[in-house]
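Since we're looking at a predicted model, the values are computed, not measured. For this chain, numbers begin at 1 and follow the sequence in order.
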Amino acid sequence: MRTDFSIWFLINAIIQTGQLAVIETEETVWAAVRDQASLSCKLTGNREVLQVTWQKVLSDGEINLATYTKKFGSRVSAGLKEKMDFQYKDLQSCSMVIRKVTEQDEGCYRCLFNTYPLGALIGRTCLRLSELHGPVLDVSRSSSPAGSVVSCSATGRPAPTVTLTAPQQNLSLSLYNTTRVSNSNGTVTVTTTALLSASSSTQVGCSVSVLSAAPRELLLTVPGPSHTSDHGPDVESGSNYRAVGKFMFRFQYLYLSC
């Protein structure tokens with residue numbers, strides 16, 4: 001999927017006449033496992049393009065995925081016809097749609113515009129997998145300051161956005177604090193904590209999201225402070241409440257259009 005967080009960049013190639021040929025593409029495209037990703041390249045300027053080729057970059061070189069020429073049309077590498085659809089626009093603009101993205105699809109891709117008489121002009125774009133785990137919503141009693149400490153966390157890549165809310169009127173959260181912890185697998189755990197002051201049972205909510213994907217929300221009812229006849233309010237920090245939200249991934253195939 002394409003997002004507002006994608007970074008656009010220009011790849012320049014100096015040609016024989018001293019003019020500048022530019023390939024416009026996205027440096028990084030983020031997509032969730034089992035979601036859809038779209039990679040695209042556009043060659044600016046009026047160049048005579050003979051062939052367009054998409055390649056995947058491997059550790060020991062590149063492998064051709066599909067090509068298009070006016071004479072022979074579209075050709076997709078053996079074994080990939082069910083996964084790719086190669087589309088083009090006047091041989092200067094192409095896109096590759098990857099459906100049902102898996103971990104094997106993550107990596108960098110090249111779009112090659114073979115021009116006459118300049119040869120190949122190459123663009124590069126990389127697909128990165130996004131993920132989101134959570135939210136996990138915890139509430140514990142606090143005596144100083146008095147109230148309930150509400151904590152919500154989520155783990156993902158890139159770093160998720162975590163937002164706490166108090167849906168009921170006349171209630172507010174204060175003393176916000178957010179921490180981030182980078183994990184060894186490339187994910188980041190973000191935890192947002194706030195203080196809720198309420199004399200009766202109420203609800204708190206947590207919303208988490210990664211990039212432009214739809215947020216996932218979780219509500220938890222927080223009991224009001226309990227009272228005893230001899231000892232007054234029970235505000236022990238050991239009184240905990242937790243709600244956990246889970247996320248189901250969807251798997252997809254590779255679809256190519258150029």
Is L220 linked to Y176 within one hydrophobic cluster, defined over Ile, Leu, Val, Met, Phe, Trp and Tyr using a side-chain heavy-atom separation of less than 4.5 Å?
->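 As far as the 4.5 Å side-chain criterion goes, Y176 and L220 are connected within one cluster.
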Atom NZ of K42: over 12 foreign heavy atoms under 6.0 Å |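 Counting neighbours around NZ of K42, 12 or fewer heavy atoms of other residues, nucleotides or ligands fall under 6.0 Å, so no.
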Taking [X] for the side chain and [Y] for the main chain, is one N or O donor matched with an acceptor at less than 3.5 Å?
| X | Y | result |
| --- | --- | --- |
| S182 | V188 | no |
| N64 | A66 | no |
| Q92 | R47 | yes |

Trace of the side-chain contact (heavy atoms from CB on, under 4.5 Å) decision for V57 with Y109 | CA-CA 6 Å; V57 180; Y109 297 81; 6.0 Å; no
[X] versus [Y], closest heavy-atom pair with distance:
| X | Y | result |
| --- | --- | --- |
| I98 | V101 | O-CG2, 3.6 Å |
| L196 | V204 | CD2-CG1, 3.4 Å |
| G205 | L219 | CA-CD2, 3.6 Å |
| C41 | T25 | SG-OG1, 3.7 Å |
| Q36 | A31 | O-CB, 4.0 Å |
| S209 | L132 | CA-CD2, 4.2 Å |

To the nearest 0.5 Å, what is the distance between [atom1] ([X]) and [atom2] ([Y])?
| X | Y | atom1 | atom2 | answer |
| --- | --- | --- | --- | --- |
| S77 | Q55 | OG | CD | 9.5 Å |
| L195 | S148 | CG | OG | 7.5 Å |
| N114 | E48 | CG | CD | 12.0 Å |
| S40 | I23 | OG | CD1 | 12.0 Å |

Could you pull out all donor-acceptor pairs under 3.5 Å where a side-chain atom in residues 149-159 meets a protein atom, sequence neighbours excluded?
residue : atom : partner : partner atom : Å
T155    : OG1  : T189    : OG1          : 2.8
R157    : NE   : L129    : O            : 3.2
R157    : NE   : E131    : OE2          : 3.1

Mind checking whether T178 and T191 have side chains closer than 4.5 Å, heavy atoms only?
->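 In short, these two side chains do not touch, never coming nearer than 4.5 Å.
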T102 and V33, any side-chain heavy atoms less than 4.5 Å apart |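 A side-chain contact is absent here, since even the closest heavy-atom pair is not under 4.5 Å.
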Going by distance alone, is a donor N or O of one side chain under 3.5 Å from an acceptor N or O of the other, for T67 and T53?
->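 The answer is no; no qualifying pair exists.
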Take T163 and T192 through the test side-chain contact (heavy atoms from CB on, under 4.5 Å) and record every step on the way to the result.
-> CA-CA 7 Å; T163 304; T192 296; over 6 Å; no
With sequence neighbours excluded, tell me which residues meet salt bridge (Lys or Arg N to Asp or Glu O under 4.0 Å) with E62.
->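 Partners of E62 under the salt bridge (Lys or Arg N to Asp or Glu O under 4.0 Å) test: R110.
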